[in-house]
Q: 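If you scroll down you'll find the structure; I have some questions about it.
If you're wondering where the values come from, they're calculated on a predicted model, not measured in any experiment.
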Amino acid sequence: QHSAFFLIENMLSSMSEHVKEQVQMSFDAILTNDKDLAEQALKLDFTTNNMYEKVRASVETVVDVDPHSKLSKILLFSEAAYNYERIGDYSGHIAKFVINEKTAVDDELLDILKKRGVENFVISPGSRNTPIIIGVARDKSFSSHVVIDERSAAFVALGLSAQISKPVALVCTSGTAVLNYAPAIAEAYYRNVPLIVITADREPEVIDQNDSQTIRQNNVYSNYIKYSCTLPTEIKSDTEESATIQLIDEAVLKALTPDFGPVHINVPLREPLAGLAPIEELNINLPEPPALQKTISSEEQQELINKV
């Protein structure tokens, strides 16, 4: 027992240092937009997965030999290794963002929105909508507003569009996040406020696969929307590109044609997702941190009291 615990604890310690290096390398790759460094980080991810399997196999061996000996502690080892593996997995996704390029759908979508006068985007960050977020961030002609909660983001977009009398685009990730837009979309529909609702989606073949993030997003706002379309997952020919452009253009025109109102553009995206711009090129207005309250000295406090 003592030898087994000692061995597994050493394996976990090595795994911890390895994952720390992987995370650091992945973030360095983002900050420098270094694809070679990102490739190295992905290689480290492969090793991380192997280390997890070794810890898991060792834990199973100990439990098989003596199921009642310090069971809770040995299972805790396995849980710790799993957490390290998940951190490594997320670091691998970060590295992939640096390596891969944007999708053709992303290019066409943002280009048409710009031509039709859409300037403001209200973005709720997620994983699946990364390509669209990065595309917006790269373009200096767009103004981006980050609101984490989708329900709040939709009402922010509704108010902004009503205030400036211009269309505002909403961008969210796939799955149940999409449903949080519904209350504001219904209000925009009856108030004739032009919102361009852009929802990232999973690839068609995984829809309805017993996962909360693979819901049916096609025409999900059917009762309270002027127009809804789902773009193709891939564009393989000039004909398909023309058809995609027509879908996007029709959606934007519907929003801007009296009676104005919300439209929905559903964008299925496959992994690996999009690449990242160099950090200095990004153009997203992140929420300001709350200002710290200024402290005053006892002398200043007494002076205020005397004035009062």
Side-chain angles (χ1 to χ4, degrees), residues 1-67 69-103 125-131 133-134 173-175 200-207 209-214 233-234 268-276 279:
Q1 292 176 28
H2 180 75
S3 298
F5 290 157
F6 180 77
L7 173 64
I8 295 173
E9 284 175 349
N10 279 335
M11 293 168 68
L12 281 173
S13 179
S14 297
M15 189 176 183
S16 172
E17 292 301 318
H18 175 83
V19 171
K20 188 187 298 182
E21 181 184 0
Q22 182 188 346
V23 171
Q24 185 64 56
M25 190 175 293
S26 297
F27 278 98
D28 286 345
I30 282 183
L31 294 174
T32 59
N33 202 34
D34 189 330
K35 292 189 176 183
D36 291 335
L37 198 59
E39 292 280 6
Q40 293 178 43
L42 283 178
K43 291 178 181 178
L44 291 181
D45 187 43
F46 179 77
T47 305
T48 300
N49 293 334
N50 286 339
M51 296 174 85
Y52 167 64
E53 289 300 326
K54 288 180 180 179
V55 172
R56 186 179 62 81
S58 299
V59 168
E60 289 178 355
T61 301
V62 173
V63 173
D64 287 342
V65 171
D66 186 358
S69 177
K70 296 188 179 179
L71 184 61
S72 60
K73 182 177 181 181
I74 200 71
L75 292 179
L76 187 62
F77 288 155
S78 184
E79 183 68 21
Y82 174 76
N83 288 333
Y84 286 143
E85 190 272 336
R86 295 306 299 157
I87 294 170
D89 187 45
Y90 286 124
S91 297
H93 284 303
I94 291 170
K96 288 177 184 177
F97 290 157
V98 181
I99 295 169
N100 299 303
E101 296 302 323
K102 292 198 297 180
T103 64
S127 175
R128 189 64 49 170
N129 61 343
T130 298
I133 295 173
I134 299 299
T173 191
S174 62
D201 198 0
R202 300 285 293 275
E203 48 273 66
E205 61 269 21
V206 303
I207 303 303
Q209 296 303 308
N210 298 319
D211 189 326
S212 64
Q213 304 311 312
T214 58
T233 310
E234 298 168 352
L269 295 166
R270 294 188 189 279
E271 291 186 357
L273 300 174
L276 283 176
I279 199 74

Q: Please name the pair of heavy atoms, one in M25 and one in A41, separated by the smallest distance, quoted to 0.1 Å.
A: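 Of all heavy-atom pairs spanning M25 and A41, the closest is SD-N, 3.5 Å.
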Q: Could you give the distance from CG (N50) to CE (M15), rounded to the nearest 0.5 Å?
A: 10.0 Å
Q: Does M11 reach the side chain of M51, with side-chain heavy atoms less than 4.5 Å apart?
A: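 A side-chain contact is absent here, since even the closest heavy-atom pair is not under 4.5 Å.
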Q: Which heavy atom of D28 sits nearest to which heavy atom of T32, and what is that distance?
A: O-OG1, 2.7 Å
Q: Can you tell me if S13 uses its side chain to pair, donor with acceptor, with the backbone of E9 under 3.5 Å?
A: no
Q: When rounded to the nearest 0.5 angstrom, what distance separates NZ in K35 from CG in L42?
A: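 If we round to the nearest 0.5 Å, K35:NZ and L42:CG are 12.5 Å apart.
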Q: Could you report the tightest heavy-atom contact between T233 and P268, atom names first, then the distance?
A: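 So the minimum-distance heavy-atom pair works out to OG1-CB, 3.6 Å.
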Q: Can you list the residues that meet the salt bridge (charged side-chain N to carboxylate O under 4.0 Å, His left out) rule with K54, with sequence neighbours excluded?
A: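 With sequence neighbours excluded, K54 shows a salt bridge (charged side-chain N to carboxylate O under 4.0 Å, His left out) to no residue whatsoever.
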Q: Could I get the full list of salt bridge (charged side-chain N to carboxylate O under 4.0 Å, His left out) partners for D36, not counting sequence neighbours?
A: none
Q: With heavy-atom distances below 4.5 Å as the criterion, would you say the side chains of V59 and I8 are in contact?
A: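 Touching, per the 4.5 Å side-chain cut-off.
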Q: Within this structure, what is the NZ-CG distance for the pair K20 and L44, rounded to the nearest 0.5 Å?
A: 14.5 Å
Q: Any non-hydrogen side-chain atom of E79 less than 4.5 Å from a side-chain atom of N83?
A: yes
Q: A side-chain contact here means heavy atoms from C-beta on lying under 4.5 Å apart; do L269 and T130 qualify?
A: no
Q: Roughly how far apart are D201 CG and T173 OG1, rounded to 0.5 Å?
A: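 Interatomic distance, D201 CG to T173 OG1, rounded to 0.5 Å: 9.5 Å.
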Q: Roughly how far apart are S16 OG and L12 CG, rounded to 0.5 Å?
A: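 So the OG of S16 and the CG of L12 are separated by 8.5 Å.
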Q: Ignoring hydrogens, what is the shortest heavy-atom contact between G126 and I133? Give both atom names and the distance.
A: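 So the two residues come closest at N-CD1, 4.2 Å.
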Q: Shortest non-hydrogen contact from L37 to D34?
A: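 Residues L37 and D34, closest heavy atoms: N-OD1, 3.0 Å.
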Q: For a quick test of your reading: what N or O donor-acceptor pairs under 3.5 Å do the side chains of residues 84-91 make, sequence neighbours left out?
A:
residue: R86; atom: NH1; partner: D89; partner atom: OD2; Å: 3.0
residue: S91; atom: OG; partner: I87; partner atom: O; Å: 3.1

Q: Say you draw a straight line from CD of Q22 to OG1 of T48; how long is it, rounded to the nearest 0.5 Å?
A: 4.0 Å
